[in-house]
J.: 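This structure is in structure tokens; I'll ask about it shortly.
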Amino acid sequence: MADSTRWLVIGGGSKAGVYRTCPVFPCGRSTPPLPIAIECESETEARSLYRIFQPTLSKLSPKSGPSDILTAFQHSDGIRNFFPNGTRDFYAVVIGAPAGIHRTRTGAENSKGSFAYHSYRHTQSFWEALAFMVVKGQEARMPPLLTSTELAEESHVSLEEAFDRNLHLGSSSPTLGTTTPTDSLRSSLSHDWRHDDPVSPPRYAPEADHTNPHASSSATPIVYIHVRNLSSVVSSQHHVTRPSLEATAQARRLGEDGAWYVLAHGYQPSDIATIVQIYRRNDSKESFALQLAALGMALAEATYLGDLIYL
């Protein structure tokens, strides 16, 4: 990793903070579960991760044991989903110097030093790496990677399923009468008509003339979703399209309302990732909106998205 890497130390009272190099803490099963050092790709990532952990850590007492800490972390969607599963490598070193969650195999291997029982786990799940550190590598004390509640599809509607269900559209493509699409019609998914014209209602395409035998041949399919980048619509889908797993994972970092917004408006994973990065490095919705506007998003839309995320 480049020199921009930083180490975030969570827990441990005054030892908590962001470091250029990883501090060395006592390791082994007899040591307390906190503090934990986490290697980050940048100072920005370290700051963002700290903000995610802080509300949960502030509720723990200095005497909290591994089970209490695991329960608290497990109940935080922000902690569990900060890094989408399968997108990063984590090496949880529980016996080594320095101990902590490394991001490269080289770093994990180099931590062996003179330890006779050097121990680490490689995983692409941040939650698994974090839990492994809390329980000090004791497999019998590891929590489930997925809880029974998460596995019960009957009682849990995924974001993708809810997305499809609430659009109330089937796989067929109903048609509208022939019209010339305008810019305002194309961007109807991302703009509130009341902002454009406080008096006039939105304009819809006229109904198809079913008495005209030639009308059906010129009918236009209803658009299911517009695919867009930060500045414009790049294509339109006329069939039912589910958000990709990558897009959904990225969107969840914006909270439920923010996730619904970016998925329903057809933003692609790379653009959602950009929105997430801007969100993480800004504490106010005003600066968040201005930075998105600088990348091409309409300021009114960026402000509305900020209202959803910074509730």
J.: For Trp127, what residues pass the ring pair (Phe, Tyr, Trp, His ring centres under 6.0 Å) criterion, not counting sequence neighbours?
T.: none
J.: Can a donor-acceptor pair be found, under 3.5 Å and without considering hydrogens, that links the side chain of Asn229 to the backbone of Ser231?
T.: yes
J.: Verify the neighbour count for atom OH of Tyr310: are there more than 12 heavy atoms of other residues, nucleotides or ligands below 6.0 Å?
T.: yes
J.: Using the side-chain hydrogen bond (donor to acceptor under 3.5 Å, both in side chains) criterion, which residues pair with Ser114? Sequence neighbours excluded.
T.: none
J.: Identify every side-chain donor-acceptor pair in residues 131-143 under 3.5 Å, counting partners at least two apart or on other chains, and give the distances.
T.:
residue : atom : partner : partner atom : Å
Lys136  : NZ   : Thr31   : OG1          : 3.3
Lys136  : NZ   : Pro32   : O            : 3.1
Gln138  : NE2  : Val135  : O            : 3.3
Glu139  : OE1  : Arg121  : NH2          : 2.2

J.: Under the side-chain hydrogen bond (donor to acceptor under 3.5 Å, both in side chains) test, which residues partner Glu246, sequence neighbours left out?
T.: none
J.: Taking the six-membered ring where the residue is Trp, are the ring centres of Tyr120 and His122 under 6.0 Å apart?
T.: no
J.: Please identify which of these residues, Ser236, Ser235, Ser232, meets the side chain to side chain contact (heavy atoms under 4.5 Å, CB included) condition with His226.
T.: Ser236
J.: Residues in salt bridge (charged side-chain N to carboxylate O under 4.0 Å, His left out) with Arg29, at least two apart?
T.: none
J.: Within the side chain of Ser64, is there an N or O that forms a donor-acceptor pair under 3.5 Å with the backbone of Ser61?
T.: yes
J.: Does Val18 have any side-chain contact (heavy atoms from CB on, under 4.5 Å) partners at least two apart in sequence or in another chain, and if so, which?
T.: Arg6, Leu8, Ala46
J.: Hey, is the main chain of Glu41 close enough, under 3.5 Å, to the side chain of Ser4 for a donor-acceptor pair?
T.: yes
